[in-house]
Structure formats: C-alpha cells, structure tokens
Amino acid sequence: MIECVQGDIAHQPDMEAVVNAANAQLRPGGGVAGALHRAAGPELDRACRPLAPICPGEAVITAAFGLPNRHVIHCLGPVYGVDEPADELLADCYLHALALAEREGLRSVAFPALSAGAFGYPLEEAARVALETVSATLPRCPHLERVRFVLFDAETAALFQRLLDEQP
Ligand code: ADP
C-alpha cells in the first residue's frame, strides 16, 4: 500500500494525484513546485491563483493540466524553525492531502518529501512524520489503494524505505 521510489514527482503517470510542495502563494518557484508547474503548464498557475494564499498544514486540490495525472494536491509544509509546532503542521499536510484524495475518490497519490528541501526540515525527521502519518491514516481511507513517496535521490529513497520497513 505504501511504497518508496527514487524519481521525479512530475513523472508519475500511473498515479491519480501528485502532491506539490507548494509555497503560500501557490506560485511555481523551485524544487517540486517548479518541476510540477513546468510540466503542467501555465494553466496550473492560473488555477492556483484564486486558492492562494494557504497556511502551513493546509492543502488544496486542482486539476493537473499537462501532467499525466488527474489532480495536483498542493500542500504548504512548515518552514523549519519558523512555523511551529513543525511536526504537527507537517503531519497536517499529509492528513489534509489524504482527506482531499479520499473526498475525490482517488485510488493513488504520490508525495514528495514535503518541507525537506528549501523549507529546511531535517530529512530523517521529515521522513518519520510522513511515514507515521500516512501509515496511521490509510486504514481510514477506503478508496486509497496506493501511496507512493517519490524521492529525488537514491540516499533519500533508501532512508524512506528503511523507515518504512521499521514501521509496526
Ligand atoms: P519544500 O519547500 O517543502 O522544502 P522542496 O521542493 O524545496 O520543498 O523540496 C522537497 C523535497 O523534494 C526535497 O527533498 C527535494 O530534494 C525534493 N525534490 C525536488 N525536486 C523534486 C522532484 N522533481 N521530484 C521529487 N522530489 C523532488
């Protein structure tokens, strides 16, 4: 049900939704947001504007336009050391994203490592929050069959896989 792969979140054609590590204004920016907006095209930016700004821990959903998915779920993770309590706000991102996916009846969602890039969240801590929150929430999501963590590099993918294997 949960898998961890190395890859690019903008190239997950078999997933119904991909999650964006958004900024508050839901603008393109760098990292995950840059990759998703580049692949989706300018319509994604237009669709995001009326939904912005969002607060840390929130999630909103749009169509995916040029991406090979049905939806993009945009989450604003906490900026580490600024938005507190960071672990609760990061967990809220995953909870709210899964709730939106479930509301839409989606069967598959792919997440990046929210907050673990420009927002400075220590990787292992961010991975633990992500995996614990998704593992605890999936049993209450009857539509969702697959959650994929898409990690940019091999070490991050290996870390997520190790922590997933340690889950009870
Ligand atoms: P945040 O601002 O929430 O920290 P970032 O986009 O800066 O989000 O980074 C989140 C994580 O996603 C980082 O670990 C980064 O290396 C990784 N990442 C960046 N681009 C991609 C991509 N195209 N696909 C998957 N992961 C990515």
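Computed from a predicted structure; not experimentally measured. Atoms within each ligand, like the ligands themselves, are counted from 1 in listed order.
Taking the charged nitrogens against the carboxylate oxygens, Glu3 and Arg148 do have a contact shorter than 4.0 Å, which makes a salt bridge.
Closest heavy-atom contact between Cys75 and Ile54: C-CD1, 4.2 Å.
Around atom CZ of Arg162, more than 12 heavy atoms belonging to other residues, nucleotides or ligands sit under 6.0 Å away.
In this structure, the side chains of His37 and Asn20 come closer than 4.5 Å at one or more pairs of heavy atoms.
Going from atom CD of Glu102 over to atom OG1 of Thr137 covers 11.0 Å, rounded to the nearest 0.5 Å.
Taking the six-membered ring for Trp and the full ring otherwise, Phe149 and Phe160 have centroids separated by under 6.0 Å.
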For ligand 1, run through the N/O pairs with the protein that fall under 3.5 Å and put one pair on each line.
residue: ligand 1; atom: 3 (O); partner: Ser115; partner atom: N; Å: 2.9
residue: ligand 1; atom: 4 (O); partner: Ser115; partner atom: O; Å: 3.4
residue: ligand 1; atom: 4 (O); partner: Gly117; partner atom: N; Å: 2.9
residue: ligand 1; atom: 4 (O); partner: Ala118; partner atom: N; Å: 3.2
residue: ligand 1; atom: 4 (O); partner: Phe119; partner atom: N; Å: 3.0
residue: ligand 1; atom: 6 (O); partner: Val32; partner atom: N; Å: 2.8
residue: ligand 1; atom: 7 (O); partner: Ala118; partner atom: N; Å: 2.8
residue: ligand 1; atom: 23 (N); partner: Asp8; partner atom: OD1; Å: 2.9
residue: ligand 1; atom: 24 (N); partner: Ile9; partner atom: N; Å: 2.9

